[in-house]
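These notes concern the structure reproduced below.
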2 protein chains.
Amino acid sequence: MYSKISETPIFKGISSDEISNILNSTHHQIKTYEAEAIIAFSGDECNNLFVLIEGSIRGEAIDYNEKIIKIEDVFAPDTFAEAFLFADQNNLLINIVANTKSKILIIHKEDLLVLFQSNKKILENYLNIISNRFVLVTKKLKFLSLRTIKAKLASHFIELSKKSKNNTIFFGKTQAELADYFGVTRPSLARTIKEMKDEGIIEVPGKMIRIIDYNKLKKLIE
Amino acid sequence: MYSKISETPIFKGISSDEISNILNSTHHQIKTYEAEAIIAFSGDECNNLFVLIEGSIRGEAIDYNEKIIKIEDVFAPDTFAEAFLFADQNNLLINIVANTKSKILIIHKEDLLVLFQSNKKILENYLNIISNRFVLVTKKLKFLSLRTIKAKLASHFIELSKKSKNNTIFFGKTQAELADYFGVTRPSLARTIKEMKDEGIIEVPGKMIRIIDYNKLKKLIE
DNA sequence: CTCAATTTGTAACACTTGTTACATTTCTTT
DNA sequence: AAAGAAATGTAACAAGTGTTACAAATTGAG
């Protein structure tokens, strides 16, 4: 079990022996949930760090019309709901439900603070996790605030082209997946890609995207 | 100066005397910038915490077409750019420019980590700041992902109504400001408000909004 | 290789929002 | 109280996206 815990982002770089010592001197709980058990409710105060040791959980949002929307799956070994812990408004925005039988290490926020003070590595790991999550959300926010599909596509292609060669991007997702990521419909995305082809901005050989006119592409953003 | 520092969120609840002690035993810099001086460039690695003691700074984004867009102003006493510090990808996404002559306390991330370990209050404050920022951005993201203006307005009204009485909301902003916050144009927002009036969902007496049909309002949110 | 499933291309039409323009109302200042 | 500024109401039209439907192409399993 300790080796599983050492694979979670927050205990990364800490040996199983150390984890054993840490848990001996830190107040904590280990709980097991059956499949489909509700681990925490939307609206609950979140005062504990959850470390998923075994199994898989999902987050479910409930919209104003009581419709359930699956947000994301988390698979062991990982942590979840960690970013709300120290916020003033620390109520969960989603239900946490076990997908499969799951074992979870639970550490209260006060105990976690004590742990942070005695173990620099865990503190660094935690700061790293929530900072990365913040950067991710901020980038997504910036992206979503682009008005048109063309602008989003252009921004996406430019970002990908930074990490690739020959101005050629490998199109790793299906159009349906990309459309979903963009928050638009699949036919609309396809239409936009076609327009960019027609305008001579890109070529689409097979599963690749080749950028022909980088300047035109940049002008599409904003 | 120490009393100014004690008013920043990260040194909140710490006396001037304590701050004096802390700074004596913590490696740091205090720099002064003239108005319009560039404090940090977009793309720079961000390895320092910036504590604004005097003056005011602004963040400026530069889009793909080299156009400058003002993001936000920060006024002393406060901190800024703190959420990127411990992220893997810790490059600034904006330029930081002094609006007025400004005095800034700069603490390197390594020194800050040491400080976190010796001072629980500062650690708590920092976790609180970035967590709150994360919650804010997450909510904004959720909000932006609502498709129509009507859905955004409905969500906004419902959130506000939770904090008010009689189903009556005080409309604190002008339509132009609200439209900007929503990322839509002012005439479009006005049209949507009119539609909601015509549909008998709300009444708009003066600067107030009164919710008439709460159920219809909820159904507008996707 | 073949057939079924998946993915992609495309079109017509409806809906939502942006754009522009101007009238009307409300607020501010003198 | 009057004049000017700011905010709001409204309309016509353009642009962009969603919806629905179906055909064509590609992929995967047997």
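Proteins come first, then strands; the chains are lettered A, B, ... in the order of their sequence lines, and each starts at number 1.
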Nucleic acid footprint by protein, nucleotides 16-27 of chain D - heavy-atom cut-off 4.0 Å, B for base, S for sugar-phosphate alone: SBBBB-------
Between C1' of D:dA15 and CG of A:L220, the distance in whole Å: 15 Å
Distance in angstrom units between B:K194 NZ and D:dA11 P, rounded: 6 Å
Straight-line distance of A:F80 CZ to A:L49 CG, nearest 0.5 Å: 9.0 Å
Whole angstrom value for the distance that separates P of C:dT10 from NZ of A:K197: 6 Å
Atom pair distance, as rounded to whole Å: CD in B:Q175 and P in D:dT8: 5 Å
Flag if over 12 foreign heavy atoms under 6.0 Å of NZ, B:K173: yes
Whole-Å distance separating the CD atom of A:E177 from the P atom of C:dT6: 13 Å
Whether A:H156 and A:Y181 hold their rings parallel, tilted or perpendicular, with breakpoints at 30° and 60°: tilted
Worked check of salt bridge (charged side-chain N to carboxylate O under 4.0 Å, His left out) between A:E72 and A:R58: CA-CA 6 Å; A:E72 63 166 350; A:R58 65 175 181 271; over 6 Å; no
NZ-CG distance between B:K150 and B:L217, expressed to the nearest 0.5 angstrom: 11.0 Å
Over 12 non-hydrogen atoms of neighbours within 6.0 angstrom of NZ in B:K109: yes
Reported CD1-to-NZ distance for the pair A:I169 and A:K163, which is rounded to 0.5 angstrom: 11.0 Å
Proximity of B:F182 and B:F143 rings by center, below 6.0 Å: yes
Rounded (10°) bend between the five-pair end axes of the helix from C:dC1-D:dG30 to C:dT30-D:dA1: 50°
Whole-Å distance separating the CG atom of B:D180 from the C1' atom of D:dT8: 17 Å
